[in-house]
Protein chains: 2
Amino acid sequence: MARPRKPLLSRDRIVAAALAVVDAEGLQAVSTRRLAAELGVSGPSLYNHFRTKDEILDAVADTVVAQVDLSMFEDGTHWPEALVGWARSYRAALAAHPNIVPFLAQGPGRRPAGLRLADAVFGGMVDAGWPPAYATRIGAMMRYFVAGSALGSFARGFVGDPSAYDPADYPHLGQAHLLAEHQQRVDEGAFETGLRALVDGLAVQFEQLR
Amino acid sequence: MARPRKPLLSRDRIVAAALAVVDAEGLQAVSTRRLAAELGVSGPSLYNHFRTKDEILDAVADTVVAQVDLSMFEDGTHWPEALVGWARSYRAALAAHPNIVPFLAQGPGRRPAGLRLADAVFGGMVDAGWPPAYATRIGAMMRYFVAGSALGSFARGFVGDPSAYDPADYPHLGQAHLLAEHQQRVDEGAFETGLRALVDGLAVQFEQLR
DNA sequence: ACCTGAACACCGTTCAAGT
DNA sequence: ACCTGAACACCGTTCAAGT
């Protein structure tokens, strides 16, 4: 076949195929040969569009982060509400593609969507009256919390079998086997409670700065 | 050589070798052949001690989590101080081996050290007067925050080169290139500020429950 | 029980060759 | 410029064979 007169591939098609595989089967299922097969080409073809496999995953991560709503930092919303709305949108974007999160949260993060996000939060907090050093820390701590919550379910860490928790070893985990059953409710409840606590706690510090 | 009269390997030796490779060169540098070479045996030998490579990494993750200090939940420390001390020890344990964190935070988490940790926090919060549903959420949110903070540096996400931040694209990132330089201070400051906010915010909720 | 080498079905990436 | 097949140096894991 050699070179077709119209390219068979594009960066967008490759990224879409990679995201589909990541979502359906996880990070480890993504291989250049697998993606190529999915796209009807041979393995090395991908290297005409990306320099490495990691660059493909970087682009996938970027499209996920690009889904995060940042409008609340520009429309005059008060900072506590802006932070809450943004964090929910941020978490929703990551939770929609949980398998890419470990890659996303590790990488160097100089991806455009990540920088736009950092820019918006920082600007929003400074405009609201936070000193720049605090605005930086707020962006960082929210990323810790959101990435951590999207990275792996807390509740899924517990098996549904009660016999897994010997009272001699784990005296307080008598009800832990119920967590798996209510995984989503537990994780969302923890996220909301933590978000509330973070923002309430920041309000305390904001007052002390006046 | 076949079977030696004294075993060449042990689970502990394999785990120690894996942790050393993870720390020195990252998760992707860990391969069964590489570990075997490091231990002076051939690749398949490892399968006499672990069923899969993931089981080896599970054991590595468990030894890291086992370093976390849980004593503050049993010695009568008031809950806000207990939470702060525990979170610092938790973060320190993970930050000492950042490369294992993505694996650790993702896994099913039915590792003994993880269960002991969950048991201690839950028991400590219930003893302090928190309703069980809240105690669960507190354990979960702290894990989100600590894992997220250990997973990847926030500050390292920014390049040290000022020209990377075109003011037209990122109007508020004019100083962002300084972050890389002060990476550790920035990440630790964000962790401490976030931890303070979380605990202060929880105190507000604790009052409302009375 | 615990080690070995050979083997299977994979990887990411490079490169010369084709149009 | 953009595709191909062949090739290189790797993987995780299984298995029969040895003591």
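Each chain gets a letter, A, B and so on, in the order its sequence line appears, and its residues count up from 1.
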Legend entry - side-chain N/O B:Ser42 vs C:dC3 OP1/OP2, d < 4.0 Å: no

Legend entry - Flag for A:Tyr165-B:Asp119: side-chain donor and acceptor within less than 3.5 Å: no

Legend entry - Side chain of B:Pro44 - closest among D:dC8, D:dC2, D:dC15: D:dC15

Inset, instruction - May I ask which nucleotide in the shown strands pairs with D:dA7, Watson-Crick or G-U wobble, both distances under 3.5 Å? - result: C:dT13

Legend entry - A:Asp12 and A:Ser10: side chain donor to acceptor below 3.5 Å: no

Inset, instruction - Report the distance from atom NZ of A:Lys53 to atom C1' of C:dC10, rounded to the nearest whole Å. - result: 12 Å

Inset, instruction - Measure from the side chain of B:Pro7, starting at C-beta and using heavy atoms only, and say which of C:dC3, C:dC8, C:dC11 lies closest. - result: C:dC3

Inset, instruction - Figure out the CD/C1' separation between B:Gln28 and C:dG12, and round it to whole Å. - result: 12 Å

Inset, instruction - For B:Thr52 and B:Asp54, test the side chains for any donor-to-acceptor distance below 3.5 angstrom and give the result as yes or no. - result: no

Legend entry - Spacing of B:Ile14 atom CD1 relative to D:dG12 atom P, expressed in whole Å: 14 Å

Inset, instruction - Mind calculating the distance between CG (A:Leu57) and P (C:dT13) to the nearest angstrom? - result: 10 Å

Inset, instruction - Would you give the length of the straight line joining atom NE2 of B:His182 to atom OG1 of A:Thr136, rounded to the nearest 0.5 angstrom? - result: 12.0 Å

Inset, instruction - Check the distance between D:dT14's P and B:Phe50's CZ and give it to me in whole angstrom. - result: 16 Å

Inset, instruction - Provide, to the nearest angstrom, the distance between the CG atom belonging to B:Asp54 and the P atom belonging to D:dT13. - result: 7 Å

Inset, instruction - Using a cut-off of strictly less than 4.0 Å, decide whether A:Ser45 has a side-chain nitrogen or oxygen near OP1 or OP2 of D:dC3. - result: no

Inset, instruction - Determine: side-chain N/O of B:Ser31 to OP1/OP2 of D:dC11, distance under 4.0 Å, yes or no. - result: yes

Legend entry - Mate of C:dC2 where both pairing distances stay under 3.5 Å, Watson-Crick or G-U: D:dG18

Inset, instruction - Report which part of the nucleic acid B:Arg5 touches: base, sugar-phosphate, or nothing (heavy-atom distance under 4.0 Å, all strands). - result: nothing

Inset, instruction - Rounded to the nearest angstrom, tell me the gap between atom CG in A:Leu8 and atom P in C:dG18. - result: 19 Å

Legend entry - Phosphate-side-chain proximity, A:His49 and D:dA1, N/O vs OP1/OP2 below 4.0 Å: no

Legend entry - Candidates D:dG12, D:dT4, C:dG12 - which lies nearest the side chain of A:Arg33: C:dG12

Inset, instruction - Measure from CG on A:Asn48 to P on D:dG5 and round the result to the nearest Å. - result: 14 Å

Inset, instruction - Classify the side-chain pair A:Thr77/A:Asp75 by whether it contains a donor and acceptor separated by less than 3.5 Å. - result: yes

